[in-house]
Amino acid sequence: MRRWLVALRAIVLREAMRFISQRSRFVAALVRPLVWLIVFAAGFRAALGLSIIPPYQTYITYEVYIVPGLCGMIQLFNGMQSSLSLVYDREMGSMRLLLTSPLPRWWLLFSKLLAGVAVSILQVYVFLAIAAAFGITMPWGGYLYVLPALVISGLMLGALGLLISSTIRQLENFAGVMNFVIFPMFFMSTALYPLWRMAESSVLLRDICAVNPFTHAVELIRFALYGSVNGMALVWVVLAFAVFMIGSLIGYDPARGMVRKGRGPAG
């Protein structure tokens, strides 16, 4: 157990040092949601009326509605960014060296995942603080209740990034695959519009959004910010995490996955 904790500490510290040395990554993670919050939300406020839907007890502005979705956006992009670092580490050979450790492979990957989740949670809380400075606040208890939701949703989205990284052989192919995953997941979810609003234009689109794991991650965060638990969203997120994590372990298994023995560092 001591060796496991030492490995966890080393991986988390490595990710922390990498994050500190890449300040532009921190700024970029905040610029995207802030643009949506300050620029786009101001334009959509008049065009999009929102009715009273759980967990809200009264009518809300569009800016308030999209804050949980933008928190999910931060975690989604961070999960993909972490997977990019995995592809880079694999090309440089450091990832292969890590996976040859005598510790269980699943623990090493899970430690990498936890390090990415910790970074994403820090980014989310900074974003919530900036949103509060603009007058977009949540119930005070929600800032505490949302922490477990951020951990669970971060693990699910990080596991998705792990799964994607296990299928990419070269760093050059990552950008296309990342865009193919990120944008459909984000736009076909409840991050920007509620399901009832989507059903008005397309029932099929509403159904796709309803089964999107990112939708349930956003709803888990949304309810947690108001001190509630969305049981259905929690079940979906946990199941998605289990599927993505199992797929990642298979993908990083030299005997069965994409990272096979005998290949070069590019994997």
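All residue numbers in this chain count up from 1 along the given sequence.
Applying the salt bridge (Lys or Arg N to Asp or Glu O under 4.0 Å) rule to pairs touching residues 230-248 yields nothing, sequence neighbours excluded. Residue pairs meeting the salt bridge (Lys or Arg N to Asp or Glu O under 4.0 Å) criterion with at least one partner in residues 218-233, sequence neighbours excluded, are Glu219-Arg222. Sorted by first and then second residue, the side-chain hydrogen bond (donor to acceptor under 3.5 Å, both in side chains) pairs involving residues 129-153 (not counting sequence neighbours) are Gln75-Ser153. For residues 205-224, the set of pairs meeting the ring-ring contact (aromatic ring centres under 6.0 Å, His included) definition, not counting sequence neighbours, comprises His216-Trp236. Sorted by first then second residue, the side-chain hydrogen bond (donor to acceptor under 3.5 Å, both in side chains) pairs that include residues 121-131, not counting sequence neighbours, number zero.
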| side chain to side chain contact (heavy atoms under 4.5 Å, CB included) assessment of Phe127 paired with Leu34 | CA-CA 8 Å; Phe127 167 72; Leu34 287 175; 3.9 Å; yes
| task | Determine, step by step, whether Gln81 and Val119 satisfy the side chain to side chain contact (heavy atoms under 4.5 Å, CB included) criterion, reporting the C-alpha distance in whole Å, the side-chain angles of both residues, the deciding distance to 0.1 Å, and the verdict. | result | CA-CA 11 Å; Gln81 189 73 27; Val119 170; over 6 Å; no
| task | Applying side chain to side chain contact (heavy atoms under 4.5 Å, CB included), run through Val35 and Val31 and close with a yes or a no. | result | CA-CA 6 Å; Val35 167; Val31 167; 4.0 Å; yes
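Contact of the Phe134 side chain with the Leu37 side chain is not registered, since no non-hydrogen atoms from C-beta on lie closer than 4.5 Å. Considering only heavy atoms from C-beta on, Phe241 comes within 4.5 Å of Leu113 through its side chain. Contact of the Leu192 side chain with the Tyr62 side chain is registered, since non-hydrogen atoms from C-beta on lie closer than 4.5 Å.
If you take CG on Leu70 and CD on Glu63, they are separated by 10.5 Å, rounding to the nearest 0.5 Å. Atom CG of Leu122 sits about 11.5 Å away from atom CG of Leu150, to the nearest 0.5 Å. The structure places CE of Met185 at 4.5 Å from CG of Asn212, a figure rounded to the nearest 0.5 Å.
The two residues Val117 and Leu155 have their closest heavy-atom pair at CG2-N, 3.6 Å. Across all non-hydrogen atoms, the minimal contact from Tyr65 to Ala191 is CE2-O, 4.1 Å.
Exactly one of Phe186, Phe180, Phe187 qualifies for a side chain to side chain contact (heavy atoms under 4.5 Å, CB included) with Phe183. That residue is Phe187.
In this structure, Leu239 shares a hydrophobic cluster with Val235, the cluster being traced through Ile, Leu, Val, Met, Phe, Trp and Tyr side chains under 4.5 angstrom apart.
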